[in-house]
Amino acid sequence: MTEVVVPIGPHHPALKEPVNFKVVADGETIVRLELDVSYNHRGIEKAAEQRDFVRVVPLLERVCGICSHSHTTVFVKGIEEAMKVQIPPRAQYIRTIVAELERIHSHLLWFGVAAHEIGFNTLFMWTWRDREAVQDMLEEMTGNRVNYGINEVGGVRRDLTPEQIQAALKRLPHLEDRIAKYRDMVNKEATMMIRFRGVGKLSKDDILKLGAVGPTARASGVDYDIRKDDPYIAYADVPWQVITDTHGDVYGRTLVRIGELQQSLQIVRYCLENLPAGPIKITTPRAAPRGEILSRYEAPRGELVHFIRTNNTDKVERLDIRTPTLANWTSVAVSLVHQNLADIPVIVAAIDPCLSCTSRITIVNERGKKTGEMTWDELSAHGREFYRKRGRA
Amino acid sequence: MTLSQRLANWARMKSPWITLFNSGACNACDIEVIAALTPRFDVERFGILAKGSPRHADILIVTGPVTRKQAPRLRRIWEQMPEPKYVIAMGACGAFGGVFRGLYHVVDGVENVIPVDVFVAGCPPRPDEVINAVVACLGLLKEDLARGGKEWRAKKTKVIERVEAKEGAQPAPAKPSEAST
Amino acid sequence: MDPILLAVYILLFPGFLFLLAYAFFFQFLDRKIAARMQARVGPPLLQPFADFVKMLGKEVIDVKGMDRKAFDAAPLLALAAVMTAFLYVPIVGNSPLAFQGDLILVLYLLTLPTIVLFLLGWLSRNVFATIGGVRAVTQMFIYEVPFFLALLTPALMAGSWSITDIVAWQQSHLWFAVLQPIGFVVALIGLQAKLERTPFDIPEAETEIVAGPWTELTGRRLAMMRLTMDVSMVVGSALVAALFLGGPRIPWTITPDWLSWIVGFGLFFVKTLGVLLVLASIKVATGRLRIDQLNDVGWKYLASAAILQVLIVLLMNYWWVSA
Amino acid sequence: MSELLKVEQVAKAMEGLGTVDAMKPNRIRVATTPAKVKEAVQRALKDLKCDHVVQIAAVDNGKSFELIYNLTGPHHTVVSILLELPRDKPEVPTASDLLPPAGLYERQIHDLLGIVFVGHPNLKRIILNEDWPENEFPMRKDWKPNPNTFYGGVHTEEAK
């Protein structure tokens, strides 16, 4: 079968995100793959340098619609650290609640989209229906279903009333048994097992070598979780533990995400039940002293890093955002070679790419079959050396 | 209007098929459009189906401020769609670029790339507002069919441009305007 | 039958007009069942008809360098093939056009849409469509053999190649669904694969290759091809109902002629809806297989089950019928 | 979970490469020169058991460019390697052979700031669109979008 170049995306029903794969497939197996994701670059970092701390938060809220709270929390936490200011515990708890609710809705969303990738639409409909309960909670607490806008430098903008807390607590049990149902469905349902097991497998040292983060890394046994390694807001005093798995394939990542869903529900329940009293924000100075902060945060997709350089004005001198999906692209590109054409959406969905966070391109070329002129790239250099070693090992 | 004409109009009103195009959005609008397909809002009861290929779709929902790289692709997707087609620009980004207006890699709004029929307010608009936008598109479809095609709408907007030209207001520049401080 | 009654039979009642209406009703029911199972409300009754008329009214786009005539003719060919197949399936009593071997003709006519899909994929000069077309044919090779075996074993036991005779045979014996359960299951799975529904909708895999062979179809071509798929769903389930569930006949005969027709039609209606319910729940309950996984499943399980069923039937024929 | 690295440990591993100072209990910075960056990264990977590159940050502070390589490992301490590059000829040897994900981060920095990574196998455009004019680096402090160059997107007359 001759080589066929299949362009998938940027307009593609499976990937709700503008990513473009130029896949050279021999029959059904992928020989070479070009992944172009730079459709979403908007120049946010440049704009952030021209906005003061009050006006930059709405901009950072919209770096990515699904993990919007992550970007504002990591930025605001960094600025508060630069100003050496401590926000009241109630604000920290409220931030944790909204952060974990965002993780729940993001993981449920991912689970539905992953099921949709393999054509299993029923699970897509069910998970997104349960996600509506989380959206209602978020809407009651923060006023908006997505892009909550609850963070600001020095604390939180809205307080939680007792009725909201009771309403949220009433919804948690239903979510808990739904997620328990999904957990054993993943282990029992035949087509999901066939399509998820052994697909896009990455061993532990692959992950460490390729720098993958978040559930993708934890599914191969790497137990990096910023909430544990470098605790921030209220994670230090909330009882929870890191979920890891050893399968390393799409199935393993699904299990890790379902485990994290259950952990997040526990955290939200704990924070709601013993929400400390007190003010929800403090007045902060207009300008941040000169300094350099590396603010890290565990977004639903992995480790999100904001590098903030402040120069005692009310604007940021430099904001460098490294998003979790950017770190995961290298590993997904390498794991895609040799897989089937039909597996691309599943494997890519497995890292739950949030394209609006990242916009980068990787080219992976597996030296096996030479297809026309060789495209130059550091990953192909890495890919060749990686596969030659694997071939010999 | 002959019977077959009425039947065709009835059928077009009853089965608007949509396709979604993410032109560099923060994908909050995308998940709200997809949420409209799911059980709570369930657009299939109005006959609305989300189709993969632009060839099968009647309404193109564009989310996000069109980034410079996505603009030519958006243009090509729009041209691939068969006639009676309509475009919905989602949220503040679709209208004028929203919070990303003036950034160096953004073309400030869907209007500068393809003609837009319906704008939806909100950031992101709620799923029921998305359904409302599709219904508004159907309203436009009904009027277009009654007056034979889209030309009558062009005349109406012509008036606005003339008024604007008189007052010397500068139409939205496609070039990157000075990054707003 | 005198020609006028035959013409009415073919064109109006159990013929084309009824078939089109029933096909739309089937699509509505299928989408409604699937929606209700997914906790959704599902489309209104006339939705498939509205979709069909709207698609007819859409602009037809021809890809540059495409063979227009062939691209127009292919959907019509598939539709014609599938509609003629419907005439040989007994609906109201025995079908007037029955002859020895009409089962083989119906099976042949039912495979034409898949070949037309491959042709469409090849003609539309689009890489997604070509891959979709290739997948459609690969999938056909996988499920066709077990599907034919499963549908031919009733003929073996009933001793005749005409569907009407098989239905008549079942009137005096047990239904084949009871006598040949393995064949019944293989036939249902084969039908699901032939109609390219979810566990087997690999050619039209919406999430991988946009819409497979359907990508470049627009306007009336899309309408015709969509209608072909609905009609083949009706014909397929009617065929399985006739061969395995006893068709429109009940064991004891009813004296007045017109009453037995009505009861026959009622039975046909109930049995085909039963088959549709099974197909819809399979579609809702499973995800999509990959083409190579389908290859293993198809040859390992489906084919061996069908062959086992043939062996059992031959043994039963040897002992039971001759004794 | 193994406890944090001490400043002395990092100083011992990195002696001869540059000054070491602890910004925070779990973040230690090593200021070094572009020539020794490969050596510093290698030592961080081997002696300090870092196995995960958190981020490569690039800053244009008006006078010169700064590159900060942040690495971490099971000890959960971030080892930051800081370098200063002259504004006229910003060149630094690539770290993508030691850290595969660095390949991406370096290409993004090259696109936005114009820092050349010597030895990088494929320093092609990664983040800006195809018809963005060559050697215009948007993240530089002195860059302003001048109205009459075409930065990509659709030509205005085609859009109407």
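Letters go in sequence order (proteins before strands), and every chain restarts at 1.
- When side chains are defined from C-beta on, B:C26 does not count as touching A:E61, because their heavy atoms never get closer than 4.5 Å.
- Distance CG/B:L37 to CZ/A:F124: 6.0 Å, rounded to 0.5 Å.
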Solution key, residues 92-100 of chain B side-chain donor-acceptor pairs under 3.5 Å, sequence neighbours excluded:
none

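- Looking at B:C123, both its backbone and its side chain come within 4.5 Å of chain A, counting heavy atoms on both sides.
- Across B:N27 and A:I66, no two heavy atoms sit closer than the pair OD1-CG1, 3.4 Å.
- Residues passing the salt bridge (charged side-chain N to carboxylate O under 4.0 Å, His left out) test with A:E100, sequence neighbours excluded: A:R103, A:R227.
- For the pair A:R129 and B:T38, the minimum side-chain heavy-atom distance is 4.5 Å or more.
- Applying a 4.5 Å heavy-atom cutoff, the residues of residues 130-140 of chain A that approach chain B are A:R131, A:E132, A:Q135, A:D136, A:E139.
- More than 12 heavy atoms of other shown residues, nucleotides or ligands fall within 6.0 angstrom of atom CZ in B:R147.
- Residues passing the salt bridge (charged side-chain N to carboxylate O under 4.0 Å, His left out) test with A:R158, sequence neighbours excluded: none.
- If you measure heavy-atom distances from A:N121 to chain B, you find no contacts under 4.5 Å at all.
- The local environment of CH2 in A:W126 is sparse, with at most 12 non-hydrogen atoms from other residues, nucleotides or ligands closer than 6.0 Å.
- With a 6.0 Å radius and a threshold of 12 heavy atoms from other residues, nucleotides or ligands, A:R157 has its CZ atom at or below the threshold.
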